[in-house]
Novice: 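To start, I am sharing the structure in question, which I have written as structure tokens.
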Amino acid sequence: MASQAKGDTEQRLAKARAAIGDDYTPGEDEEYMNERQLDYFRVLLLDWKKSIHNAAGQTLQSLQDGPIREPDLNDRASSETDWGIELRTRDRQRKLISKIDSALRRIDAGEYGYCEVTGDPIGLKRLIARPVATMTVEAQEAHERREKISRDD
């Protein structure tokens, strides 16, 4: 089942890459969220997801290679701290994969690139910097202000 999903992802990635070419970068001079731009972001998101899965596989392999066997207590504590940081990073990336999957679903539904609050275009620069963005900068700032105020209460 997992290998079939991986094969489907590889096929989607290859198809999107072929559609955009190697040197394409979305520009302000073209229609917003045209097919080529959507393919560009699909490739960006699928590559990002693939790199996260590869890093997670390396972490899993390292964990399976054996327990930490540092003879010195300070070295062992340092190694355990490093592993703790690594596992927290992988957990954050696991959550990021769900955001990537959501962005890919929005591309397929024709909703990608538009703010979920205002419906306005998010903007190419923001999407290139943060492909999983769901709000314009202004809407995100307003959301964070409201969140901060409710946290302070």
Side-chain angles (χ1 to χ4, degrees), residues 1-63 77-153:
M1 179 87 166
S3 63
Q4 182 182 4
K6 186 177 180 182
D8 292 344
T9 299
E10 292 296 327
Q11 287 177 337
R12 288 177 65 195
L13 189 54
K15 183 179 175 187
R17 274 200 179 110
I20 61 171
D22 292 333
D23 59 346
Y24 175 74
T25 303
E28 301 290 336
D29 58 335
E30 56 188 322
E31 180 187 349
Y32 187 71
M33 288 300 123
N34 62 48
E35 248 347 273
R36 199 165 183 204
Q37 287 181 357
L38 291 173
D39 284 335
Y40 172 84
F41 287 110
R42 184 177 286 115
V43 166
L44 203 61
L45 290 161
L46 289 170
D47 277 343
W48 195 7
K49 183 177 176 179
K50 187 177 177 181
S51 72
I52 290 171
H53 279 297
N54 289 342
Q58 291 170 353
T59 299
L60 183 60
Q61 185 60 45
S62 295
L63 284 172
S78 178
S79 293
E80 288 175 359
T81 300
D82 291 346
W83 275 113
I85 292 169
E86 180 75 18
L87 291 174
R88 281 194 302 277
T89 299
R90 294 295 162 244
D91 189 50
R92 279 196 317 273
Q93 289 179 337
R94 178 187 54 81
K95 293 173 186 172
L96 180 59
I97 286 176
S98 68
K99 290 181 181 183
I100 292 170
D101 288 338
S102 176
L104 290 167
R105 282 191 298 276
R106 287 193 311 277
I107 288 174
D108 292 339
E111 301 167 357
Y112 185 79
Y114 295 93
C115 180
E116 64 184 19
V117 176
T118 64
D120 294 335
I122 293 174
L124 293 174
K125 290 180 182 176
R126 177 161 169 74
L127 288 172
I128 289 170
R130 182 79 175 153
V132 294
T134 58
M135 292 184 249
T136 61
V137 172
E138 296 80 14
Q140 183 69 40
E141 288 172 346
H143 172 75
E144 288 172 2
R145 278 193 301 275
R146 283 190 306 273
E147 195 175 74
K148 183 181 183 318
I149 290 170
S150 68
R151 238 189 357 246
D152 291 343
D153 289 343

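Counting begins at 1 with the first residue of the sequence. For the numbers below, each heavy atom of this structure counts, side chains included, while hydrogens, waters and symmetry mates do not.
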Novice: What distance separates Thr89 OG1 from Ile52 CD1, expressed to the nearest 0.5 Å?
Specialist: 11.5 Å

Novice: Hey, could you give me the OH/CG distance between Tyr40 and Leu45, rounded to the nearest 0.5 Å?
Specialist: 10.5 Å

Novice: For a quick test of reading the model, state the closest non-hydrogen atom pair linking Tyr112 to Pro131 and the distance between them.
Specialist: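 Minimum heavy-atom separation between Tyr112 and Pro131: OH-O, 2.6 Å.
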
Novice: Under the salt bridge (charged side-chain N to carboxylate O under 4.0 Å, His left out) test, which residues partner Asp29, sequence neighbours left out?
Specialist: none

Novice: Suppose we screen for side-chain contact (heavy atoms from CB on, under 4.5 Å). Which residues come up paired with Ser102, at least two apart in sequence or across chains?
Specialist: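 With neighbours one apart ignored, the set is Arg105, Arg106.
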
Novice: For the residue pair Arg42 and Asp39, what are the closest heavy atoms and their distance?
Specialist: NH1-OD1, 2.8 Å

Novice: Search all heavy atoms of Pro26 against all heavy atoms of Gln37 and return the closest pair with its distance.
Specialist: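 For Pro26 versus Gln37, the nearest heavy atoms are CB-CG, 3.8 Å.
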
Novice: So how far is it from Arg92 CZ to Lys95 NZ, rounded to the nearest 0.5 Å?
Specialist: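 Atom-to-atom, Arg92:CZ and Lys95:NZ are 9.0 Å apart.
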
Novice: Can you list the steps and then say if Asp91 with Arg94 is a salt bridge (Lys or Arg N to Asp or Glu O under 4.0 Å)?
Specialist: CA-CA 5 Å; Asp91 189 50; Arg94 178 187 54 81; 2.5 Å; yes

Novice: Answer whether the closest heavy-atom distance between the side chains of Asp101 and Lys49 falls below 4.5 Å.
Specialist: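 Yes, close enough: below the 4.5 Å cut-off.
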
Novice: What's the spacing between Glu147 CD and Gln140 CD if we round to 0.5 Å?
Specialist: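 These two atoms lie 8.5 Å from each other.
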
Novice: Got a list of side-chain donor-acceptor pairs under 3.5 Å for residues 114-130, not counting sequence neighbours?
Specialist:
| unit_1 | atom_1 | unit_2 | atom_2 | d |
| --- | --- | --- | --- | --- |
| Thr118 | OG1 | Asp120 | N | 3.2 |
| Thr118 | OG1 | Asp120 | OD2 | 3.4 |
| Arg126 | NE | Met135 | O | 2.8 |
| Arg126 | NH2 | Met135 | O | 3.4 |

Novice: About how many Å separate CZ of Arg146 and CD of Glu144, when rounded to the nearest 0.5 Å?
Specialist: 10.0 Å

Novice: CD1 of Ile97 to NE2 of His53: how many Å apart, nearest 0.5 Å?
Specialist: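 If we round to the nearest 0.5 Å, Ile97:CD1 and His53:NE2 are 4.0 Å apart.
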
